Protein chains: 2
Amino acid sequence: MQQSIQLSVDAVVFGYEAGSISVLLIKRKYEPFKGEWAIPGGFVLENESLESAVERELKEETGITIDYLEQLYTFGNPNRDPRSRVVSVAYFGLVKPSAFKIFASTDAEEVQWFHIDELPKLSFDHEEILKKAIARLQAKITYEPIGFELLDTKFPFSDLEKLYTTLLGRAIDRRNFRKKILSLNILDQLDEKVSKGSGRPANLFKFNKKRYFKLKEEGIIFDI
Amino acid sequence: MQQSIQLSVDAVVFGYEAGSISVLLIKRKYEPFKGEWAIPGGFVLENESLESAVERELKEETGITIDYLEQLYTFGNPNRDPRSRVVSVAYFGLVKPSAFKIFASTDAEEVQWFHIDELPKLSFDHEEILKKAIARLQAKITYEPIGFELLDTKFPFSDLEKLYTTLLGRAIDRRNFRKKILSLNILDQLDEKVSKGSGRPANLFKFNKKRYFKLKEEGIIFDI
DNA sequence: CATTTTATGCGTGTTTTTTACGCTAAAATA
DNA sequence: TATTTTAGCGTAAAAAACACGCATAAAATG
């Protein structure tokens, strides 16, 4: 028995900057869908794990090294690729965009961050993949502290608050939100302040991942 | 570019009977791992969707038609199969065991339900897959009403309660649980009673899936 | 340099949800 | 018929979620 199914990986990478969520897309250099936008990804090599394949492709095509990566879903519709049967394992990644300089290479003619509400037409079934990834991001920030992967290591509380209002798509009470997050005891308050523009300078905070995992083991759950 | 990665599907199927959760396993008829227990599954055909492949393999190997099926995770470790590189998309299924007669055929020498705390040694990385499936089942019954897929269409409230205590692995207050579930308004109380053994006969209930989806659209969420 | 603007940060009362637990009802059993 | 067993209803206390007031600090404005 010998199939000729090809296996690929794709990565939906989210970033957050200046109050809006963006996703990293590439413009395809080759057929099919040459010149159109797509989620970065490519074929898995013979002796490579799926995660390694994702990391390699991202590095090759966009120059990005990922901070947070998890498997999203496997898309296996027989006709999703016009060339042949290609099954793709999609991943979901988060980065701090400020930390990386993106550049196109190999299969990518161009790389660009797109706001998730200003997306171009996408190749293959990538729209479906992206839709699923957005749903996952919105759901997951309410029960796992993954939002911190999108912020700088040190951040003022207002950044976190803004991230959540953006992702949840609704207003949240600033005072109650602060109380709730601080009561979880997973943030370290630093002795630094930032002043961006007018207004009172804000204290900087840092996510204490180690403490979070310890609390998680003890059964304390993150829940917004 | 031509890979020789093979693609398979596997299905972890859970059933519930007499107060305990079981999983459907097959004894392998051929090498590798001939004579050992494994999760049912097999290779995906060229023009078949992943879901169809799962359904076909389950039917072939065990005789079961699944009630509830969802994708679990894709396992792609390069050495998970001693023959060659095989990537497997694992699925998660639920059935009412009373509704089916299981029988072994094709690749299976034997089929059997195993209580999830009395499992045999498993082939490949199937232990890892099963572990993930159990975690998913336990997590998911708290935020989606999938428990009903394991019960008979008509069931007394105590069956539901017992299922939850079993799955959650802890006692729950009978009175508060009933109040909570009934207040969700997703159960129809029937005009039938069952009396099994001693004690006051219990009213039968039926899960109203249609109403649940309607409520879900309106934003009412199931949460135990 | 006083005043306005902008944003931080602490507190308090109210409503809603969760939790704990007492008690009655109906059938089998001894 | 008394006792045991399982079903089913109700009520009060505790905890969490929600709504909102207001003092404070620094920068911008005139």
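Bear in mind the structure is a predicted one, so any value in this text is a computation, not a measurement. So that the names make sense, note that chain A is the first sequence line, chain B the second, and so on, each numbered from 1.
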Original post:
How does each nucleotide of nucleotides 20-30 of chain C score, in 5' to 3' order, for protein heavy atoms under 4.0 Å: base (B), sugar-phosphate only (S), or none (-)?
Top reply: BBB--BBBS--
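- Proximity of a side-chain donor or acceptor of His126(A) to a complementary backbone N or O of Ile39(A) within less than 3.5 Å is detected.
- Phe148(A) is linked by a ring-ring contact (aromatic ring centres under 6.0 Å, His included) to Phe155(A), Phe207(A), counting only residues two or more places apart in sequence or in another chain.
- Salt bridge present: Arg175(A) and Asp173(A) bring a charged side-chain N and a carboxylate O closer than 4.0 Å.
- Here dT8(C) presents its P atom at 11 Å from CZ of Phe205(A), a figure rounded to the nearest Å.
- Qualifying side-chain contact (heavy atoms from CB on, under 4.5 Å) partners for Pro97(A), counting only residues two or more places apart in sequence or in other chains: Glu17(A), Trp113(A).
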Side chains of residues 177-184 of chain B: which donor-acceptor partners sit under 3.5 Å, not counting sequence neighbours?
unit_1    : atom_1 : unit_2    : atom_2 : d
Lys179(B) : NZ     : Asn176(B) : OD1    : 3.2
Ser183(B) : OG     : Lys179(B) : O      : 3.3
Ser183(B) : OG     : Lys180(B) : O      : 2.7

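- Residues from residues 150-172 of chain B placing a heavy atom under 4.0 Å of any atom in DNA chain C do not occur.
- Spacing between atom CG of Leu182(A) and atom C1' of dT8(C) amounts to 12 Å, rounded to whole angstrom units.
- Protein atom CG of Leu187(B) is 12 Å distant from nucleotide atom P of dG8(D), rounded to whole Å.
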Between the protein and nucleotides 16-18 of chain C, list the N/O to N/O atom pairs that are separated by less than 3.5 angstrom.
none

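- Using a 4.0 Å cut-off between charged side-chain N and carboxylate O, Glu128(B) and Arg80(B) make no salt bridge.
- Using a cut-off of 4.0 Å between Lys/Arg side-chain N and Asp/Glu carboxylate O, Lys206(B) and Glu192(B) are scored as not salt-bridged.
- Remark: P of dA17(D) and CD1 of Ile224(A) are 10 Å apart, rounded to the nearest angstrom.
- Counting only distance, with no hydrogens or angles, the side chain of Glu109(B) and the backbone of Gly35(B) share no donor-acceptor pair below 3.5 Å.
- Distance CD1 (Ile181(A)) to C1' (dA17(D)): 14 Å, rounded to an integer number of Å.
- We find the CD-CD1 distance between Gln138(B) and Ile116(B) to be 6.5 Å, quoted to the nearest 0.5 Å.
- Separating the CD1 atom of Ile220(A) from the C1' atom of dA16(D) is a distance of 16 Å, rounded to the nearest angstrom.
- The distance from atom CZ of Phe177(A) to atom P of dT8(C) is 13 Å, rounded to the nearest whole Å.
- A salt bridge links Glu149(A) with Lys209(A): the closest approach of a Lys/Arg side-chain nitrogen to an acidic carboxylate oxygen falls below 4.0 angstrom.
- For Tyr16(B) and Phe14(B), the ring centers are positioned 6.0 Å apart or more.
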